[in-house]
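Worksheet for the structure shown next.
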Amino acid sequence: MSHKTTPGYLAILGALLVAGCASPQVDEPALSEDVVAGISVRAELDPQTGAVILPADRLKYDQLEEMDLAHATAYAVAACAEERGVTFAPPESASDPVYRSETYFGPWTTTQANSFGFVMPMTEADLAANGIINGTSDNTSAATPNGDLSEQDWKVIDECNATDATVQDLVAALHLQGPWMAELAAVEAAVLEDAQIQEILSELYDCYEESGLSPSNSAQPWLPVGADASQISEGQIRLALEVVDCKTQMDFTQRVADRHAQLQAPIIAEYANELVAQRDRIDEALEMSNDLVAGAKG
């Protein structure tokens, strides 16, 4: 299970899923170097954006990059369909800087707590779509985009989505494959069993108790009793701010991220060349996507 909790993004033309199979816990010793094969294996926190950047994060796409690649894929499909006489309108981009922010073992900045409580940071539109806030729309009379396309038109679009070379290049950048995927997933799945992280969590529980909070016995033991990731309210915000205060006092997030990074480091070292090549492919696809969307918009 992942503790870098960011909202899932439904790719524009279908689910573009990254598969990672669980495997036994990795017990390799952590590396002490800050840089391995030219790759930083230190954890980096950005309180301004709310991002927690672990070594593996530098070598794959982030939430915004995933959205940008998916958005460009829609434009590539539209170009392919147009060549076959079908006009397809790509959806608007869902990319937003809020998706740089993430709850890492729960909220860790006051901005997150004040804005979302324990809910994962997302746009107001996505909050409404997920039923967390009430959304209103004044576009009820607007025509549905692509609503006039026929069944045959959609067959053309589906064929473009499945066979167009540009589409396939962009989609390929979203499919991360390699033995490191399973090994990193194993670290992720077992991170709560790590003795150092358990010790840090114990300190967090001590702070909770001093603040009158009770640790949760749920699958997310870093959250206090009463935390609700499905609603934003004054009470949830107050509770989230108390959690952030405890974390800040003990430097919780940096310490956990540092240990998390140490657990990832041996895998980064083992597959450094392959991971750099993976990141290069993503960067090439992002450059292609920027050119494609810019060209389409004129």
Side-chain angles (χ1 to χ4, degrees), residues 1-6 18-66 99-109 173-204 220-222 247-248 250-286:
M1 121 179 152
S2 174
H3 306 288
K4 290 173 67 61
T5 48
T6 53
V18 177
C21 300
S23 64
Q25 181 176 355
V26 177
D27 292 324
E28 297 179 60
L31 300 186
S32 59
E33 295 88 346
D34 289 344
V35 177
V36 174
I39 302 167
S40 172
V41 290
R42 290 184 61 84
E44 178 185 350
L45 271 57
D46 187 341
Q48 299 302 313
T49 64
V52 176
I53 304 167
L54 299 175
D57 296 331
R58 299 184 176 96
L59 301 162
K60 62 183 181 180
Y61 50 79
D62 66 18
Q63 188 85 357
L64 290 188
E65 290 169 338
E66 179 185 11
Y99 291 112
R100 295 265 187 230
S101 186
E102 56 188 301
T103 54
Y104 182 73
F105 291 85
W108 65 278
T109 73
L174 286 166
H175 286 284
L176 309 184
Q177 297 178 341
W180 55 88
M181 296 294 292
E183 294 185 29
L184 288 168
V187 167
E188 196 74 10
V191 70
L192 285 177
E193 300 170 19
D194 178 76
Q196 291 187 35
I197 289 181
Q198 286 184 347
E199 183 177 341
I200 300 169
L201 278 169
S202 179
E203 292 180 38
L204 180 65
Q220 297 178 309
W222 54 88
K247 288 182 174 180
T248 301
M250 57 177 289
D251 201 20
F252 173 89
T253 305
Q254 184 69 65
R255 291 167 63 197
V256 171
D258 286 344
R259 178 56 181 161
H260 203 159
Q262 287 180 330
L263 294 170
Q264 287 186 350
I267 303 169
I268 303 299
E270 182 177 358
Y271 299 104
N273 292 336
E274 294 91 340
L275 287 165
V276 169
Q278 171 181 279
R279 183 65 229 188
D280 287 344
R281 289 192 296 273
I282 293 169
D283 288 337
E284 290 170 4
L286 286 168

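Contacts of Arg281 classified as side chain to side chain contact (heavy atoms under 4.5 Å, CB included), with partners at least two apart in sequence or in another chain: Ala277, Gln278. Judged as a salt bridge (Lys or Arg N to Asp or Glu O under 4.0 Å), and not counting sequence neighbours, Asp46 has no contacts. Applying the side chain to side chain contact (heavy atoms under 4.5 Å, CB included) test to Asp280 and every residue at least two apart in sequence or in another chain returns Val276. Taking Ser40 as the reference, Arg42, Arg58 meet the side chain to side chain contact (heavy atoms under 4.5 Å, CB included) condition, with sequence neighbours excluded. For Glu199, there are no salt bridge (Lys or Arg N to Asp or Glu O under 4.0 Å) partners, not counting sequence neighbours. With sequence neighbours left out, Asp283 forms a side-chain hydrogen bond (donor to acceptor under 3.5 Å, both in side chains) with Arg279.
In terms of heavy atoms, Ala261 sits closest to Leu54 at N-CD2, 4.3 Å. For the residue pair Ile282 and Ala173, the shortest heavy atom distance occurs at CG1-O, 3.8 Å. Of all the heavy atoms in Arg259 and Gln196, the pair that sits closest is CD-OE1, 3.4 Å.
Taken from CZ in Phe252 to CD1 in Ile197, the straight-line distance is 8.0 Å, to the nearest 0.5 Å. The CD atom of Gln264 lies 9.5 Å from the CG atom of Leu59; values are rounded to the nearest 0.5 Å. Distance CG/Asp194 to CG/Leu263: 5.0 Å, rounded to 0.5 Å.
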Take Gln63 and Glu102 through the side chain to side chain contact (heavy atoms under 4.5 Å, CB included) test and state the conclusion after the steps. CA-CA 10 Å; Gln63 188 85 357; Glu102 56 188 301; over 6 Å; no
Can you check side chain to side chain contact (heavy atoms under 4.5 Å, CB included) on Ile267 and Leu275, steps first, answer last? CA-CA 10 Å; Ile267 303 169; Leu275 287 165; 5.6 Å; no
List the steps and the verdict of side chain to side chain donor-acceptor pair (under 3.5 Å) for Tyr271 and Glu183. CA-CA 11 Å; Tyr271 299 104; Glu183 294 185 29; 2.7 Å; yes
Going through the distances and angles, do Asp258 and Gln254 end up as a side chain to side chain donor-acceptor pair (under 3.5 Å)? CA-CA 6 Å; Asp258 286 344; Gln254 184 69 65; 2.8 Å; yes
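In this pair, His260 and Tyr104 present their aromatic rings parallel. The plane angle is below 30°, not in the 30 to 60° band.
With Phe105 as the fixed residue, the side chain to side chain contact (heavy atoms under 4.5 Å, CB included) test singles out one of Val52, Ile200, Val191: Val191.
At least one donor-acceptor pair closer than 3.5 Å links the side chain of Tyr61 to the backbone N or O of Leu174. Looking at Trp108, its side chain never comes within 3.5 Å of a backbone N or O of Pro47 through a donor-acceptor pair. Within the 3.5 Å criterion, the main-chain N or O of Pro107 finds a donor-acceptor partner in the side chain of Lys247.
Counting only heavy atoms from C-beta outward, the side chains of Thr253 and Thr109 never approach each other to under 4.5 Å.
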